[in-house]
Amino acid sequence: MIRTLDELTPQARDAAVRWLDGALARLDPELRTDVRDELTGALCTNVDATATPPEVVAVLDDLGPLTDPGYPDPGHPGCDQAQDPWVGSFAGIPYDWRRPSTARIKDRLWDPTNEHLIVPGAFGAGWDLNFAALAIRLGIIEPDAEDVPFTQTPAAAFAAAKVLPVGLAAAVIAHYLVRRRELPSQLPHHWAWDGTPDRWVGKRVAAVTDVGLAIGAAGAAIAWGRPTATGPSHAGALATSAAVATAAAGVTVWRSATPGARWWAGPALALGVVGAAGATLLGLALAGRRAEQQADLRDAR
Amino acid sequence: MAPAAERHIGALRRGVVELAVLGLLADEPRYGQKIVDDLSQTPALAVPAGTVYPLVSRLLKDGLIESSWQESPVGPPRKYYRLTVNGTATLAAMNSAWRQLRGALDQILQESS
């Protein structure tokens, strides 16, 4: 028995500290100091000053893995968030600065098992709308409509979902081709809070930006349709493509409109972007639900 | 009831709902709303649908239950859940663990009261 870890050899002490640091990382930060004291006390009771590093670790291992019922366990989906410094909240506003992924975008925008309409955003600071919760509240789908969303969605539905970003990209290209002469040489690229243009850019730059964004979204929608893509990530990718293509088309229209105060244009554009993503996910989910239902009912007959 | 007490009781309830759902499905296949309704008939186990559906989803993912759509005589088709072989074995193990836990806890709580 020893009184403090300092009585151990430096190697044994380092081994103990490493073990404690690793184990305590799985606990609520507020509990760590108290639990560290308890574990250190238990270790000191069961070793003497000549203990080797393996002996120290063996004593600590005998105490068992640390678990905290109030804190996400390592297998819990939220655990990576709880320990990731890029994910958290500040002044009540959630943030997630990890590299965005189509699977995470899908998870946030479409989670039928989560009854909350507003959920932490998939990327950046703020919130996303959980369209699945909205569809459930509107009575369009059931919470358990699909076992795993988008895994039963047929290929034809995914192909149909590409029509929106590809169609919008075609419309943006056609717009700049057809109206290229009649559009003014300078087009707005920033608007004040009331929707009045306050910064301008050359027509060519505006066209390249909008067309590039729209083609990028359409190209991504087509490229993401590769056979190896899983249903959920494919759905997330198509929702993202639809949102980006809608943004490009919306900005194209807004730029080309007669300059004037349109306070509603910004909110309408935001609504359109979010709505395009939501409509895409809803359509894919309904197709998946129908496919799953038909397969089961056919088997039952 | 104090908020802290409510929180701890809620956590206790959520911990056993998984066993309760598996127990209900061992009795007979049920659809989601039926599981929610049957649990709510026992006030101690009453949990909102927002708790039951994620739980069912996790049980499905773990392969403890399986689902299939069936025609309903009174409305649209419903998705029924039933235990898998793995789920039946897990239920038996959880049931055994539950009995031991209950006995041990009863003993501790009687001694402290």
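Chain naming here is simple, since letters A, B, ... match the order of the sequence lines and numbering starts at 1 in each. These figures come from a predicted structure and were not determined experimentally.
Of the listed residues (B/Ala49, B/Ser67, B/Gly15), the one with the most heavy-atom contacts under 4.5 Å to chain A is B/Ser67.
Residue pairs meeting the salt bridge (Lys or Arg N to Asp or Glu O under 4.0 Å) criterion with at least one partner in residues 97-112 of chain B, sequence neighbours excluded, are absent.
Applying the 6.0 Å contact sphere to CD of A/Glu38 captures no more than 12 heavy atoms from other residues, nucleotides or ligands. No more than 12 heavy atoms of other residues, nucleotides or ligands sit less than 6.0 Å from atom CH2 of B/Trp98.
To the nearest 0.5 Å, atom CZ of residue B/Arg78 and atom CD of residue A/Gln293 are 12.5 Å apart.
Proximity to chain A (any heavy atom under 4.5 Å) is shown, for B/Glu71, by both the backbone and the side chain. Residue contact with chain A, scored on non-hydrogen atoms closer than 4.5 Å, is absent for B/Tyr31.
Proximity to chain B at a heavy-atom threshold of 4.5 Å picks out A/Glu142, A/Pro143, A/Asp144, A/Ala145, A/Glu146, A/Asp147 from residues 128-147 of chain A, in numerical order.
Minimum interatomic distance between A/Asp296 and B/Ser68 (heavy atoms only, all atoms of both residues): OD2-CA, 3.1 Å.
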(message) For a side-chain contact (heavy atoms from CB on, under 4.5 Å) check, start with the C-alpha distance between A/Arg289 and B/Trp69, then their side-chain angles and the critical distance, and finish with the verdict.
(response) CA-CA 10 Å; A/Arg289 172 183 179 275; B/Trp69 289 88; 4.1 Å; yes
